[in-house]
Amino acid sequence: MAAVRVPPPFPFFLVLALSISAAATTVLQPISDHHRSAALNLFVLSHGSFHSLQDAYEALRVFEILGIEEKQRVGTDTFNGILKCKVNGEVFKGIASRLKASISDASPLPDLYYSIGSLVLIKDQDSNVDVHLADAPGTFQSIKALSQSDGKWRYSSDKTESSAYATGLALEALAGVISLASSEIDHSKVNTVKSDILKLFDSIEKNDDVNFYFPEESVGVNEHQDSLSTTSSVVRGVTAFAAVVSGEINLPGDKTLGLAKFLLGTGIPGNAKDFFNQVESLAFLESKRVSIPLILSLPETVYSLTKKGQLKVRVSTALGSAAPPLIVKLVRAFSSGAKDSTIIESKELQYDKRSGLHVLDAFTNNVDVGSYVFVFEIVLRDSRSEQVYATGGQFHVPIYVTGIIEVSNAEIGVLGDLGSAETKKVLDLAGNGIVSLSANHLQKLRLSFHLTTPYGHVFKPHQAIFKLRHETKVEHMFVVGNVAKKFEITLDFLGLVEKLFYLSGKYDIELTVGDAAMENSFIRLLGHVKLDLPEAPEKAAQPPPPPVDPYSRYGPKAEITHLFRAPEKRPPQNLSITFLALILLPFLGFLIGYWRSSVALCTFLVEAGPVHHSQDSRLFGSFLDVFWPQNSFLSCFDINQVEICMREANNLYL
Amino acid sequence: MARSTSKDAQDLFRALWSAYSATPTNLKIIDLYVMYAVFTALIQVVYMAMVGSFPFNSFLSGVLSCVGTAVLAVCLRIQVNKENKEFKDLAPERAFADFVLCNLVLHLVIMNFLG
């Protein structure tokens, strides 16, 4: 019997809430403490300093913008401008003169950008150094000459393709030229650049009608600028230019807001360069050089009817700073599935000074379980603030309302041929009761239940699945349809025998009802049904093979014992010793027999005649030595006597 | 009937024994040597039957050594037997020397095959 899987409501709801909030990417969050802690993890000192001067600058700039006090850990000999290092003025003079000399009409844009930018930095460091450009209008014109009709700039005069990234560099360089000019630049030229900026923003890319950005570009053969770098470059350039010119650039507020939304939409970037680009660009957007975008965000977008929460809205700048006095209005709220039906209209949220949030009380009284879209609008209290801030029209925010769905009137039964109920049982889906049914192929199985929202409305879950699982683990799933509140499924086994592969036996019945807005989604084992189906015909489809247990295929295998050489089979030691003794017995027997026969021979040979030397005697002596190391003849007589014996022996043998 | 059979067997055994007693002593010694070699081979076969033939070449070496030396001893017996007219011109010492030399060659091979 399969275990009943009814997940506990709260953790399941939390997982769903997190998944829903992750999916709602249109709800942006301004810079928060998450960014600050990410910055501390990204910009890490290595042995008390950064890898390069550029890394150090980016880190310190980010810390400065985010208000992090980590810069005190960095050595003071790192960078000027931020740390206010003391450098000899003569050094600056020398550098300034070389930079001024390098600026020429034929210089490519990056060279002009770095030279002019360095002169501007020197000017900020030491006002005594002469950094004024001799021919500022000429330099301005040479930079302007690289622009094209679409408002973008080229990198150099011999390049034909324009680039938004290059535009950012050009605008920063032009801003630098204006600030370094000893006399004012012609207003008409400045206005031309302003109109170029507007043309540039006319061709800005749009994403879901919310985010505005400049797309990624290839710069040269090997270099590639992604959309974040390109957008940051443009923002830097536009804001730098807006800071030095008189009058407004009149950038549309929705585009400024769209840029801020794009920058915030990248979340918390994973590398230091992107993080720096994001944070610095947002800081420039907030520098009052262009309209300051106001971001509307919601701390949470999933509300529970059970907990009766309040709808809370925060309005702040992109960097999380406080917004000016304003009102947040809920223009309308409608169900995601029915855009024409409005459930809430024209409500003003109350501002809570303590929390800094705009709150809509008791919105859950009117809103049932489901997914909705809330449309908000920001209205500035001070009309003068409209020139400073960009509110961006209406904000569409998806809101999910969850609640406990009532599952009632659950019944399961077996119907006969004429549709009459032969067996009917009431199910308690909240409990653990299990029913047992039996049916044959001529009968039907019917399950029905009601789903009602807390306010008594019809609720259609995302999943209402009825599953039959055979003893052999073969599963069949059916979708449960509904008519209004009543969900019902009828399985006619006569038409299903083929689908069930003619498998008779015990089937587990499982019901799954689930939805993101349902706090009590469940997978429940209802019981078993013993099906008696006819025998399968010859050509019937075979049931699928049972699923392979992944642990048996991918899990650890039994360790192989490597047998390089089988150990030698040795007999028992007692047996070996016994046979060793047995092997010696015939030899002992031979020795005994030889001793007895040689005694007789010795006796016979003593009666032999005179001795004379012969070859035979030596051979016979050696014969005796071979057979009998301990020559028993020695006990009888010496070698002379052996000769005597040999002679007689020869006489005997011949 | 059975009693006469056993009596006949005893008489036969006695006759054989008395006839064998007339055998020269040197031949008896050679017979003794042959018996020793054969019994040694038999004991090795019984041991192999009990514990198995691994290592087989060792078993073969042992058995063939015994059998080989028994065969060479039989040849020696044939050659030194005075009643055997075929080898009356062959000196027994020569036969013995052949016996020793052949045993040396046999056991050289056996020692290499022993493993």
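Values below: all heavy atoms of this structure, side chains included; hydrogens, waters and symmetry mates excluded. Letters A, B, ... are given to chains in the order of the sequence lines, protein chains preceding strands, and every chain is numbered from 1.
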Side chain to side chain contact (heavy atoms under 4.5 Å, CB included) between B:Val51 and A:Phe579, intermediate numbers included
CA-CA 11 Å; B:Val51 301; A:Phe579 270 87; over 6 Å; no
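- With sequence neighbours left out, the salt bridge (Lys or Arg N to Asp or Glu O under 4.0 Å) criterion links A:Glu471 to no other residue.
- Around atom NZ of A:Lys557, more than 12 heavy atoms belonging to other residues, nucleotides or ligands sit under 6.0 Å away.
- Within the model, atoms OG of A:Ser597 and CG of B:Leu27 stand 11.5 Å from one another, a figure rounded to the nearest 0.5 Å.
- Distance CG/A:Leu582 to OG1/B:Thr40: 10.5 Å, rounded to 0.5 Å.
- The distance from atom OH of A:Tyr594 to atom OG1 of B:Thr25, rounded to the nearest 0.5 Å, is 10.5 Å.
- With a 4.5 Å cut-off on non-hydrogen atoms, B:Met50 touches chain A through its side chain but not through its backbone.
- In this structure, B:Met48 places its CE atom where more than 12 heavy-atom neighbours from other residues, nucleotides or ligands lie under 6.0 Å away.
- Scanning residues 570-578 of chain A against chain B with a 4.5 Å non-hydrogen threshold yields A:Pro571, A:Leu575, A:Ser576, sorted by number.
- Here A:Arg553 pairs with nothing under the salt bridge (Lys or Arg N to Asp or Glu O under 4.0 Å) rule; sequence neighbours left out.
- By the side chain to side chain contact (heavy atoms under 4.5 Å, CB included) test, B:Ala95 is found to be paired with B:Leu76, B:Gln79, B:Val80, B:Leu90, residues two or more places apart in sequence or in another chain being considered.
- Surrounding CZ of B:Phe39 are at most 12 heavy atoms belonging to other residues, nucleotides or ligands under 6.0 Å away.
- Between B:Tyr36 and A:Phe590, the ring planes lie parallel to each other; the angle is under 30°, not in the 30° to 60° tilted range.
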